Amino acid sequence: MATTYGAPTNLDLSACSVTATGGTASQTLADLGKAVGDNAAAVATANSNASTANTNAQAAQTDAAAAKAAVDGLGDTYVAKTSVGVANGVAGLAADSSLVVPCTADNNENPVLSFGYGTNTIGTGGSVRVIYNGTVGTMQDYLNWSNPDGSATFGRYLDGTVLTGRSSGSLNIGVAAQPVNTVYSHNAAVVTSDASAKTIAGLLTDTSYADGQKLVAALATVKPTVYQLNASIAEKGAAAARYHVGYIAQDVEAAITAAGLDPSKFALWTKTALFTVTENTDGTLKQTATVDTSGNQQYIQMLRYEEIFPVILAGLSAQVSELVNRVTALESAGKAATGGAA
């Protein structure tokens, strides 16, 4: 019968040498335990670092995708912020939302704002439009030039060969409520006068054209006046404001009305409602009717002198013809009385 012995207990085996790998190198059980513990800690640290690296890699992948999308959105143009507003740079917005257009290094006094470049330009009949909050703006804005030298008269100009509207007769320079001041030109104004553009109502010298005869007679009663402009008096004082010569529009209106005609049917006289224009806080413009203290709309009357003068000349022509006929008749009567003697 085999004898069973109890296993020894409470023995210190730390000094015993063992071969953990089956090789010839041996180590104590204490060193082996420490190595196992160190390896476990290293594995835990490696797992933590791997998890962090994976999170960072995913974030980097997301950032890379966003960066790629941003770069793709730039197309073929990559603009450095430092190139905005500098010589040979690009246009950009300043802190006050104004558009900064840079000059070229060799043209630093004459910046040019071009719409389109090369073959990518605005075609014939196209236009540049102002956009307000995504909506195509109507004719409610204005261009404002600043005088670079601080003077009151120079520094603002349009440079080109033709200033015209998009279609015939579509452009006005100024309005009745806000007329321009002085117009300087090398030549006199050229006005459309082709027969194909007109429908003739009558001749002022034709006695059968009743309205024409009334108009000639009416304007013959209007007296030319010498006057000063109130705006000039306010600006310069009565002593310095110059004198002008012309007609008063209300006198012309009254004369035509007295002749039994409607002044509004004749373009030589105009009457236009007055208004003021103010700028809203959002930069848009507001047009407000000009009224008196009772709330009645105020108007301004104007005249087209180039249409008044033919009427005056027609009247003078008729008077001269009448005088010539009378003189001829008197001469004939005188000759008859003297038997034809000179």
Side-chain angles (χ1 to χ4, degrees), residues 168-183 188-195 197-234 238 241-277 287-326:
S168 177
S170 65
L171 176 66
N172 292 325
I173 300 178
V175 294
Q178 295 177 318
V180 298
N181 196 14
T182 305
V183 176
V190 180
V191 181
T192 299
S193 192
D194 194 278
K198 302 179 179 182
T199 299
I200 307 301
L203 299 176
L204 290 174
T205 55
D206 186 353
T207 56
S208 64
Y209 179 41
D211 285 353
Q213 294 297 297
K214 291 179 181 179
L215 186 63
V216 170
L219 293 193
T221 66
V222 180
K223 306 300 182 184
T225 62
V226 178
Y227 58 89
Q228 293 172 292
L229 291 172
N230 293 334
S232 295
I233 294 176
R242 297 202 299 171
Y243 291 95
H244 298 263
V245 178
Y247 296 103
I248 304 300
Q250 282 80 355
D251 292 346
V252 173
E253 177 192 22
I256 295 175
T257 301
L261 300 174
D262 181 0
S264 66
K265 290 185 177 296
F266 296 93
L268 58 83
W269 172 87
T270 68
K271 181 179 180 180
T272 308
L274 288 173
F275 62 87
T276 57
V277 176
Q287 180 175 306
T288 305
T290 302
V291 298
D292 60 18
T293 55
S294 300
N296 299 315
Q297 173 70 59
Q298 297 296 287
Y299 296 87
I300 186 170
Q301 295 189 22
M302 295 184 171
L303 298 173
R304 287 188 172 98
Y305 279 90
E306 74 278 6
E307 296 195 19
I308 291 178
F309 293 151
V311 179
I312 301 298
L313 290 175
L316 292 175
S317 178
Q319 291 179 359
V320 170
S321 295
E322 182 181 357
L323 289 175
V324 170
N325 291 336
R326 291 176 62 182

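These figures come from a predicted structure and were not determined experimentally. This chain uses plain numbering: 1 for the first residue, then up along the sequence.
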Inset, instruction - Among residues two or more places apart or on two chains, list those pairs meeting side chain to side chain donor-acceptor pair (under 3.5 Å) that have a residue in residues 305-320. - result: none

Legend entry - CD1/Ile173: more than 12 non-hydrogen atoms of other groups inside 6.0 Å: no

Legend entry - Working for side chain to side chain contact (heavy atoms under 4.5 Å, CB included), residues Val175 and Phe275: CA-CA 10 Å; Val175 294; Phe275 62 87; 3.9 Å; yes

Closest non-hydrogen atom pair between [X] and [Y], with its separation:
X: Gln297; Y: Thr290; result: NE2-O, 3.3 Å
X: Gly315; Y: Val216; result: CA-CG1, 3.4 Å
X: Ala176; Y: Pro179; result: O-CD, 3.4 Å

Distance (rounded to the nearest 0.5 Å) between [X] [atom1] and [Y] [atom2]:
X: Asp262; Y: Asp211; atom1: CG; atom2: CG; answer: 10.5 Å
X: Met302; Y: Thr270; atom1: CE; atom2: OG1; answer: 6.5 Å
X: Gln178; Y: Leu274; atom1: CD; atom2: CG; answer: 10.0 Å

Legend entry - Test item: Tyr247 and Ile312 side chains (from C-beta on) under 4.5 Å apart, heavy atoms: yes

Legend entry - Heavy-atom side-chain contact between Asn296 and Val291 under 4.5 Å: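 No, too far: nothing below the 4.5 Å cut-off.
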
Inset, instruction - Any pair with a residue in residues 199-227 that passes ring pair (Phe, Tyr, Trp, His ring centres under 6.0 Å), sequence neighbours left out, goes on the list, sorted by first then second residue, please. - result: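 For residues 199-227, and leaving out neighbouring residues, the ring pair (Phe, Tyr, Trp, His ring centres under 6.0 Å) pairs sorted by first residue read Tyr227-His244.
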
Legend entry - Criterion side chain to side chain contact (heavy atoms under 4.5 Å, CB included) on Val245 and Val226, from CA distance to verdict: CA-CA 5 Å; Val245 178; Val226 178; 4.2 Å; yes

Legend entry - N/O donor-acceptor pair under 3.5 Å between Gln213 side chain and Leu204 backbone: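 Yes, Gln213 side chain to Leu204 backbone: donor-acceptor pair under 3.5 Å.
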
Side-chain donor-acceptor pairs under 3.5 Å in residues 249-260, sequence neighbours left out?
from	atom 1	to	atom 2	distance (Å)
Glu253	OE1	Gln301	NE2	2.9
Thr257	OG1	Glu253	O	2.8

Inset, instruction - Kindly indicate, with the supporting measurements, whether the criterion side chain to side chain contact (heavy atoms under 4.5 Å, CB included) is fulfilled by Leu303 and Trp269. - result: CA-CA 5 Å; Leu303 298 173; Trp269 172 87; 4.0 Å; yes

Inset, instruction - Report yes or no: do Ser193 and Lys198 form a side-chain donor-acceptor pair below 3.5 Å? - result: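 Present: a donor and an acceptor within the cut-off.
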
